[in-house]
Amino acid sequence: MEIVYRICYTLLLTVGCWLPSVAQAQSDSVIVTGRIRNLSARLYRESPAVSVSRNNILQASRELVRPSALGVDGTFRVSLPLIYTQEEMYFNYGRISTAFLASAGTVTIEMDADSLFTAAVPFRFGGVNAQVNQQFARYKAFEAAYPNKPDGKKLSTRVGGTSDEAAYRLVSSAYLAPFLAFAAKEKPFPLLSRWISSTDRYNAAAFMYDKAAYENEALAKSLDDSLRPATDRLLTAARASAMNRFASYATQRLSTEAGSNRANGLTVRALAILLERYGKNITAEERLKLNDYAVSNSARQSDLRFFDGLIKRSPDTLQRLVNYETMIQRAIRQYDAPAVDYLAAYWLGSTLPGLTLDFARMLYSYARPQLKDPSLGESLDELYRLEVKDSTRIRTAIQTLRKAGLKASSLEISPGVFVTRNDLGGGSPLLDQVLNANRGKVIYLLITSPSEEAGRQAALDAQRLRNAYSSRDLALIYIPMGGTDKSLWPELATRYNLQGDHLLLTESQIYDAIERLRPDGELSASVINRNGKIDKRNAPLPADFDEARKQINKAL
């Protein structure tokens with residue numbers, strides 16, 4: 001039995017990667033131990049490790065993985081922290097995978113190598129939640145053969161024209177049907193019923209949020225308790241996904257309603273406090289004025305010049321904080337406190353990957369104390385630690401780049417990460433310089449945007465392409481589109497080990513350099529042959545791995 005989960009990207013969590021805790025550490029953990037019996041030498045060579053993964057409620061697309069090497073006798077042991085009282089986790093060995101319910105304590109999982117790929121339920125559970133996990137494995141085998149699984153397209157047709165309440169009832173019934181059929185054959189344990197019912201409910205919630213976002217309509221508030229149950233202490237992949245869908249839906253609604261609502265900006269008090277705390281080069285006299293504005297919470301139209309002038313001194317810092325606070329203030333007017341708390345944590349978690357270390361620390365230190373839900377706070381702490389765990393290595397790379405000044409030629413700032421820049425030269429000659437340095441190889445050139453998630457993901461996907469070829473045959477060149485913070489791309493390249501050549505261009509150089517490539521947008525790829533001639537403009541992007549390889553192979 002194989003359970004497949006959609007993973008945007010995976011990070012390995014090893015014991016040594018954590019920084020000193022930035023908040024109160026999780027008090028509970030689960031130990032997953034077990035053995036693969038009758039492990040052959042061949043199977044051991046093919047799959048010498050197991051892994052256990054878990055979700056983060058703020059980023060459903062990111063699966064946090066902890067591996068464990070198998071002992072020669074097939075034994076393994078993995079320890080993971082728990083944020084929620086009960087968490088759905090996933091055990092993986094080669095092509096075999098299963099979900100299990102973890103609580104504080106020890107979970108044991110045993111398998112027989114002789115029946116790994118033939119038995120419908122090859123796992124034998126022990127320890128915490130043993131009976132529930134064993135029954136869940138039997139349910140998943142039953143569900144795999146169930147003939148009337150929920151179909152999104154059919155459900156969309158069936159709920160057309162119905163009220164939100166009726167649509168939710170219909171969708172919920174469809175998702176619950178396989179379990180009801182299983183329960184008619186085998187009496188489920190109460191905890192299993194709660195686990196699967198929670199999963200089915202959140203699957204239905206995700207459907208409703210997607211439907212509302214597609215139709216750009218507000219969901220009936222009478223569904224709030226069903227879609228987002230209060231005091232839920234069970235974390236599943238379905239819950240993380242549904243809550244992320246809620247955040248996307250809510251962001252869309254807040255943006256839509258902002259245009260028709262005049263009370264959309266920050267209060268004078270909030271803006272004055274932000275400027276006093278984070279503004280650059282604020283004089284003593286200006287601080288007194290800001291304090292007066294904060295106390296009175298009012299300002300005249302003529303006072304706006306004063307605020308604009310202070311904001312212009314530190315536009316990046318203040319713009320991020322103003323955007324965050326504005327979204328929070330809008331959310332408070334539309335949603336209850338738990339929903340606002342989730343949205344605040346989600347926005348922070350989704351923003352961190354696109355920030356430099358300094359901005360990430362600033363925004364985190366500003367907003368983290370405002371979160372009231374301890375579990376959301378710990379979930380954000382987990383994501384923040386992942387983003388800053390390589391801070392020493394990143395700062396060393398940035399220092400290397402800064403020492404080079406305004407000009408650098410194939411400067412290695414991190415192993416395999418080479419930077420070329422010349423702020424005083426032309427963009428086209430700089431591009432030629434990097435292309436000529438790779439003459440004799442096929443070049444895959446990726447134009448991307450570091451401030452966009454799609455751009456960062458494309459940069460990660462490009463590494464898979466690079467690794468599919470010998471370094472003698474293929475070169476990878478990144479051209480990040482310009483931004484206000486010149487440290488962002490070098491930091492990202494170092495953090496994610498984006499090996500290849502990185503051409504850092506100023507705003508005026510970019511369009512001169514890429515004019516001949518004629519990209520369709522800020523995310524674009526080109527294939528250049530061994531002679532330095534453009535073989536394919538707007539080539540398949542790295543995510544389309546097979547098509548990109550076909551285009552590269554034509555040029556080899």
Side-chain angles (χ1 to χ4, degrees), residues 21-24 251 254-255 258 261-335 337 339-374 376-377 380-381 383-385 387-388 391 395 398 451 483-488 491:
S21 178
V22 290
Q24 182 176 352
T251 302
L254 293 172
S255 298
N261 189 342
R262 298 181 64 183
N264 285 316
L266 288 182
T267 63
V268 172
R269 176 181 291 114
L271 183 56
I273 291 173
L274 286 177
L275 284 166
E276 184 177 11
R277 184 173 178 182
Y278 294 102
K280 292 181 179 179
N281 304 318
I282 306 295
T283 66
E285 182 181 354
E286 289 168 338
R287 290 189 185 280
L288 287 174
K289 292 183 67 174
L290 288 172
N291 183 65
D292 291 341
Y293 286 126
V295 171
S296 64
N297 195 29
S298 64
R300 298 186 301 271
Q301 188 71 23
S302 58
D303 296 325
L304 294 181
R305 289 184 179 180
F306 171 71
F307 287 106
D308 288 341
L310 297 185
I311 290 174
K312 288 178 180 178
R313 296 178 193 173
S314 47
D316 290 334
T317 303
L318 288 171
Q319 193 59 59
R320 285 180 170 91
L321 293 174
V322 168
N323 289 345
Y324 170 78
E325 280 293 346
T326 301
M327 292 296 286
I328 294 299
Q329 293 304 314
R330 290 174 182 170
I332 288 173
R333 302 183 186 107
Q334 298 293 328
Y335 300 103
V340 173
D341 217 27
Y342 179 81
L343 291 172
Y346 173 84
W347 288 330
L348 283 167
S350 60
T351 300
L352 289 174
L355 300 179
T356 61
L357 289 173
D358 290 340
F359 276 134
R361 182 171 286 109
M362 185 263 314
L363 188 58
Y364 173 83
S365 63
Y366 170 77
R368 171 63 175 88
Q370 301 177 28
L371 298 180
K372 300 178 180 62
D373 185 321
L376 291 179
L380 180 64
D381 294 343
L383 296 179
Y384 179 71
R385 284 193 293 264
E387 295 302 330
V388 302
S391 58
R395 292 192 186 283
I398 297 303
S451 60
T484 55
D485 195 327
K486 299 304 180 183
S487 296
L488 178 56
E491 284 199 15

Open item on the list: The test is side-chain contact (heavy atoms from CB on, under 4.5 Å); show your working for Asp381 and Arg385 and say whether it passes.
Closed with: CA-CA 6 Å; Asp381 294 343; Arg385 284 193 293 264; 3.8 Å; yes
Task: Step-by-step side-chain contact (heavy atoms from CB on, under 4.5 Å) determination, Tyr324 to Gln370 - done: CA-CA 12 Å; Tyr324 170 78; Gln370 301 177 28; 3.9 Å; yes
Open item on the list: Using side-chain contact (heavy atoms from CB on, under 4.5 Å), reason through Asn323 and Trp347 one step at a time and then give a plain yes or no.
Closed with: CA-CA 10 Å; Asn323 289 345; Trp347 288 330; over 6 Å; no
TODO: May I have the step-by-step check of side-chain contact (heavy atoms from CB on, under 4.5 Å) for Gln329 and Ile332, ending in yes or no?
DONE: CA-CA 5 Å; Gln329 293 304 314; Ile332 288 173; 4.2 Å; yes
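Nearest heavy-atom pair, Ala344 versus Leu371, reported as atom, atom and distance to 0.1 Å: CB-CD2, 3.9 Å. In terms of heavy-atom proximity, Asp341 sits nearest to Asp373 at OD2-N, 2.7 Å. Taking every heavy atom of both residues into account, Ala294 and Ile273 meet most closely at CB-CG1, 4.2 Å. Scanning all heavy atoms of the two residues, the minimum distance from Thr351 to Leu355 falls at O-CG, 3.4 Å. For the pair Leu376 and Ala345, the tightest heavy-atom approach, listed with the atom from each and the gap, is CB-CB, 4.3 Å. For the residue pair Tyr293 and Ser298, the shortest heavy atom distance occurs at CD2-O, 3.4 Å.
Scored by the ring-ring contact (aromatic ring centres under 6.0 Å, His included) test, Tyr366 finds Tyr278 as partners (sequence neighbours excluded). In this structure Tyr346 satisfies the side chain to side chain donor-acceptor pair (under 3.5 Å) test with no other residue, sequence neighbours excluded. With sequence neighbours left out, Asn291 forms a side chain to side chain contact (heavy atoms under 4.5 Å, CB included) with Val295. Taking the ring-ring contact (aromatic ring centres under 6.0 Å, His included) definition, one finds that Tyr335 meets it with Phe246, sequence neighbours left out.
Residues Met327 and Leu343 have side chains not in contact (no heavy-atom distance under 4.5 Å, counting atoms from C-beta outward).
The CD1 atom of Ile311 lies 10.5 Å from the CZ atom of Phe306; values are rounded to the nearest 0.5 Å. If you take OH on Tyr384 and CG on Leu352, they are separated by 8.0 Å, rounding to the nearest 0.5 Å. Note that the CD1 atom of Ile398 and the CG atom of Leu357 stand 8.0 Å from one another [nearest 0.5 Å]. Separating the CG atom in Leu275 from the CD1 atom in Ile282 is a distance of 6.5 Å, to the nearest 0.5 Å. Here Thr251 contributes atom OG1 and Arg330 contributes atom CZ; the two are 10.5 Å apart, rounded to the nearest 0.5 Å. Here the straight-line distance linking atom CG of Leu321 with atom CG of Leu271 works out to 10.5 Å at 0.5 Å rounding.
The stretch residues 281-303 participates, sequence neighbours left out, in these salt bridge (charged side-chain N to carboxylate O under 4.0 Å, His left out) pairs: Glu286-Arg313, Arg300-Asp303. Applying the salt bridge (charged side-chain N to carboxylate O under 4.0 Å, His left out) rule to pairs touching residues 267-278 yields nothing, sequence neighbours excluded.
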